[in-house]
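Chain naming here is simple, since letters A, B, ... match the order of the sequence lines and numbering starts at 1 in each. Values reported hereafter were calculated over all heavy atoms of this structure, with side chains retained and with hydrogens, waters and symmetry mates removed.
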There are 2 protein chains.
Amino acid sequence: MPHTGEKVSDTMSMREEKPINRLQDTPFGYTLSIISGKWKMVILYWLVEAQPIRYNELQRLIGTISHKTLSVQLKELENDGLIIRREYPQIPPKVEYNLSEKGQSLYPLMESMCQWGEKYKT
Amino acid sequence: MPHTGEKVSDTMSMREEKPINRLQDTPFGYTLSIISGKWKMVILYWLVEAQPIRYNELQRLIGTISHKTLSVQLKELENDGLIIRREYPQIPPKVEYNLSEKGQSLYPLMESMCQWGEKYKT
DNA sequence: CTGTATCCTCATGGATACTG
DNA sequence: CAGTATCCATGAGGATACAG
């Protein structure tokens, strides 16, 4: 898998005793750490579909995510630079979420996942 | 996201009251259910790199996965049809794991993940 | 409306020992 | 060698209440 142009052992192997190459430090591992978890990709998916989207609408679309979980996940996605939170100083408050360019760039990945699922889903 | 050719609400939305379209029943959700989790993609990654591979070697390569966890994950991957377990009736036992065609077909996804990580990793 | 703050449950995964 | 069995720790995620 030519993910770096280097030998695999240079970028991902745990074989070296020191320094230990942690999975997270590899491109593959980094991506994994960003999009793994139960909800990350689902949230990103809906952002692709419906951005800009407000907090409540997002929760309604996902349907089964809890209040706190959505909140935490959104904050993590924001910290990872995948989404942009835009707050309107109103009463009542209004917040819109959009994908950043970095977030948008995951679109091909989601596409691949959809196509793969389409093909292999029982 | 044209993952089915149908309207999004027909395949993924939770908006309909009944029947509720569960995420798992969508192509996207199916893929998610298959590859999510902490180790699935890591194991598949190493299979791409080093198949056919034996149980012990696999654990050694991953480096930080526990005995039980690897065992459980391998069984799930086998049940999902992504890998093929081949047992040689020897003493001591020898077992080799290979990717099935279905498993191999995830290669583009892994490729995408590597490339994305390569580009956006800090 | 858009969140935080608590508290709690439970699945995931780890350590260790044992088996064919 | 390639697992299973058992027990345990951790943290992700959920329910509910409260706040700005």
Looking for any heavy atom pair under 4.0 Å, which part of the strands does [X] touch: base, sugar-phosphate only, or nothing?
X       : answer
A:Tyr88 : nothing
B:Glu96 : nothing
A:Glu76 : nothing

- For A:Lys102, side-chain hydrogen bond (donor to acceptor under 3.5 Å, both in side chains) partners two or more places apart: A:Tyr30
- Item | Non-hydrogen side-chain atoms of A:Ile43 and A:Leu70 separated by less than 4.5 Å | yes
- Which angle, to the nearest 10 degrees, lies between the helix axes at the two ends of the helix from C:dC1-D:dG20 to C:dG20-D:dC1, each defined by five pairs? 50°
- At under 4.0 Å, does any side-chain N or O of A:Thr69 touch on OP1 or OP2 of D:dG14? yes
- Query: Using a cut-off of less than 4.0 Å, is there contact between a side-chain N or O of B:Tyr97 and OP1 or OP2 of D:dG3?
  - Reply: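 Answer yes for this pair, as a side-chain N or O of B:Tyr97 is under 4.0 Å from OP1 or OP2.
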- Decide, yes or no, whether a salt bridge links A:Glu57 with A:Arg60 under the criterion of side-chain N to carboxylate O below 4.0 Å. yes
Pairwise N/O distances under 3.5 Å, protein to nucleotides 15-19 of chain D:
none

Can you list, pair by pair, the side-chain donor-acceptor contacts under 3.5 Å of residues 80-95 of chain B, counting residues two or more places apart and other chains?
residue	atom	partner	partner atom	Å
B:Arg85	NH1	B:Glu87	OE1	3.0
B:Tyr88	OH	B:Glu96	OE1	3.1

- Is B:Thr31 reaching over with its side chain to a backbone N or O of A:Gly117, donor-acceptor style, under 3.5 angstrom?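 Yes, B:Thr31 side chain to A:Gly117 backbone: donor-acceptor pair under 3.5 Å.
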- Item | Bounds of contact between DNA chain C and chain A, in 5' to 3' order, using a heavy-atom cut-off under 4.0 Å |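 Answer, 5' to 3': C:dC1 to C:dC7.
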- Message: Is it the case that the side chains of B:Trp39 and B:Thr69 hold a donor-acceptor pair, with the cut-off being a distance below 3.5 Å and no angle test?
- Response: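 No, because no side-chain N or O of B:Thr69 sits under 3.5 Å from a partner of the opposite role on B:Trp39.
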- Within residues 49-68 of chain A or reaching into it, pairs that qualify as ring-ring contact (aromatic ring centres under 6.0 Å, His included) - sequence neighbours excluded: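 Applying ring-ring contact (aromatic ring centres under 6.0 Å, His included) to every pair that reaches into residues 49-68 of chain A, excluding sequence neighbours, yields A:Tyr55-A:His67.
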